[in-house]
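So the structure is just underneath, and the comments pick up after that.
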Amino acid sequence: MNLTKRQTTIVLAVASVSLVAALALLLYYFFVTNVKEEDIDMYKFKHFSWDELTKSDTAKKYGISNTPGEEEKRNLIALVMKVLDPLRDKYAKPITVNSAYRSPFLNSKVGGADSSQHVKGQAADITGGSKEENKKLFEILKTMDFDQLINEKDYSWIHVSYKRIGYNRKQILNL
């Protein structure tokens, strides 16, 4: 097919615009910031503490450091700000954090998956104290923003995660 110089210019212009639009969409989906950094810097926990988010009997027993780095701290703040504190407000009862941040060594010691969001500070295992209460937490969480929500062992506990940067999948699983 022979195109004139003008037709070739138009085709190249359309292709360039399409490429820019596609790149913008990719950037949006992969690098969108869900939480403003200045909000993280200013946020004060309402219902949870750093001790709750980093405690571990296994770490204590084996003398394992479970101190999150700066990126993991920012992820934990986003998790509390966007999920845990609003959940506690809606639930209107205490919630216990069984496990949130885990250092890579601690995560391997407890048998966590290599890709665990706990290592990134993006996940918490929580309970309302019973399977019935955990079902209530699960139902409330389904209406909120999250990356992954897991009913663990017939509501023995609930795993919830949130990505501060990137796309939250709203994936719901029963394990």
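What you see below is based on every heavy atom in this structure, not just the backbone, and it leaves out hydrogens, waters and symmetry mates.
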Check ion pair D85-K46 (N to O, under 4.0 angstrom)
no
Verify side chain to side chain contact (heavy atoms under 4.5 Å, CB included) between S116 and R102, making sure each step is shown before the conclusion.
CA-CA 9 Å; S116 173; R102 295 185 203 138; 4.0 Å; yes
Please check if L84 and I172 belong to a single hydrophobic cluster, counting links between Ile, Leu, Val, Met, Phe, Trp and Tyr side chain heavy atoms closer than 4.5 Å.
yes
Can you find a pair of side-chain heavy atoms, one from F146 and one from K170, that are under 4.5 Å apart?
yes
Side chain to side chain donor-acceptor pair (under 3.5 Å) evaluation trace for Q122 with D147
CA-CA 9 Å; Q122 296 176 339; D147 182 53; over 6 Å; no
Measuring only between side-chain heavy atoms, which start at C-beta, is L79 closer than 4.5 Å to S161?
no
If I take atom CG from residue L149 and atom CD from residue Q171, how far apart are they, to the nearest 0.5 angstrom?
10.0 Å
Under a 4.0 Å threshold between the charged nitrogen and the carboxylate oxygen, would E70 count as salt-bridged to K73?
yes
More than 12 heavy atoms of other residues, nucleotides or ligands under 6.0 Å from CG of D41: is that the case?
yes
Considering only heavy atoms from C-beta outward, does the side chain of V35 approach that of Y162 to under 4.5 Å?
yes
Salt bridge flag under 4.0 Å for residues K82 and D145:
no
Can you give me the closest heavy-atom contact between P68 and E72, atom names plus distance?
CB-CB, 3.7 Å
Atom pair OG/CD of S99 and E52 - distance to nearest 0.5 Å
12.5 Å
OG of S103 to NZ of K109, rounded to nearest 0.5 Å, is 11.5 Å
Would I64 and V119 show up in the same hydrophobic cluster when neighbours are defined by side-chain heavy atoms closer than 4.5 Å?
no
Do E71 and R164 have side-chain heavy atoms sitting under 4.5 Å apart?
yes
Side chains of F45 and M81: closer than 4.5 Å at any heavy-atom pair?
no
Any side-chain to backbone donor/acceptor pair from N134 onto G128? Under 3.5 Å, distance only.
yes
Hey, are K93 and E133 close enough for a salt bridge, meaning a charged N less than 4.0 Å from a carboxylate O?
yes
Just verifying a value: how many Å separate K90 NZ and T143 OG1, rounded to the nearest 0.5 Å?
4.5 Å
Side-chain heavy atoms of I77 within contact of W50, under 4.5 Å
yes
Hey, any chance Y155 and I126 share a hydrophobic cluster, counting ILVMFWY side chains that come within less than 4.5 Å of each other, even indirectly?
yes
Should the pair H118 and H159 be assigned to parallel (<30°), tilted (30 to 60°) or perpendicular (>60°) ring geometry?
perpendicular
Here the pair of heavy atoms bringing L137 nearest to T127 is CD1-C, 3.8 Å
Evaluate side chain to side chain contact (heavy atoms under 4.5 Å, CB included) for D114 paired with N107, printing each intermediate quantity in order.
CA-CA 8 Å; D114 290 342; N107 190 60; 5.6 Å; no
Working to the nearest 0.5 angstrom, can you tell me the gap between I158 CD1 and I95 CD1?
10.5 Å
Would you say the side-chain atoms of D125 pair up with the backbone N or O of N98, donor to acceptor, closer than 3.5 Å?
no
N168 (side chain) donor-acceptor with K163 (main chain) under 3.5 angstrom:
yes
Test log, rule salt bridge (charged side-chain N to carboxylate O under 4.0 Å, His left out), inputs K142 and E139:
CA-CA 5 Å; K142 284 176 24 180; E139 290 304 314; 3.3 Å; yes
N/O donor-acceptor pair under 3.5 Å between N66 side chain and T54 backbone:
yes
Nearest 0.5 angstrom please: L141 CG to I150 CD1, how far?
12.0 Å
Got L106 and Y101 here, is their nearest side-chain heavy-atom distance under 4.5 Å?
no
Any heavy-atom pair between the side chains of N151 and W157 that's under 4.5 Å?
no
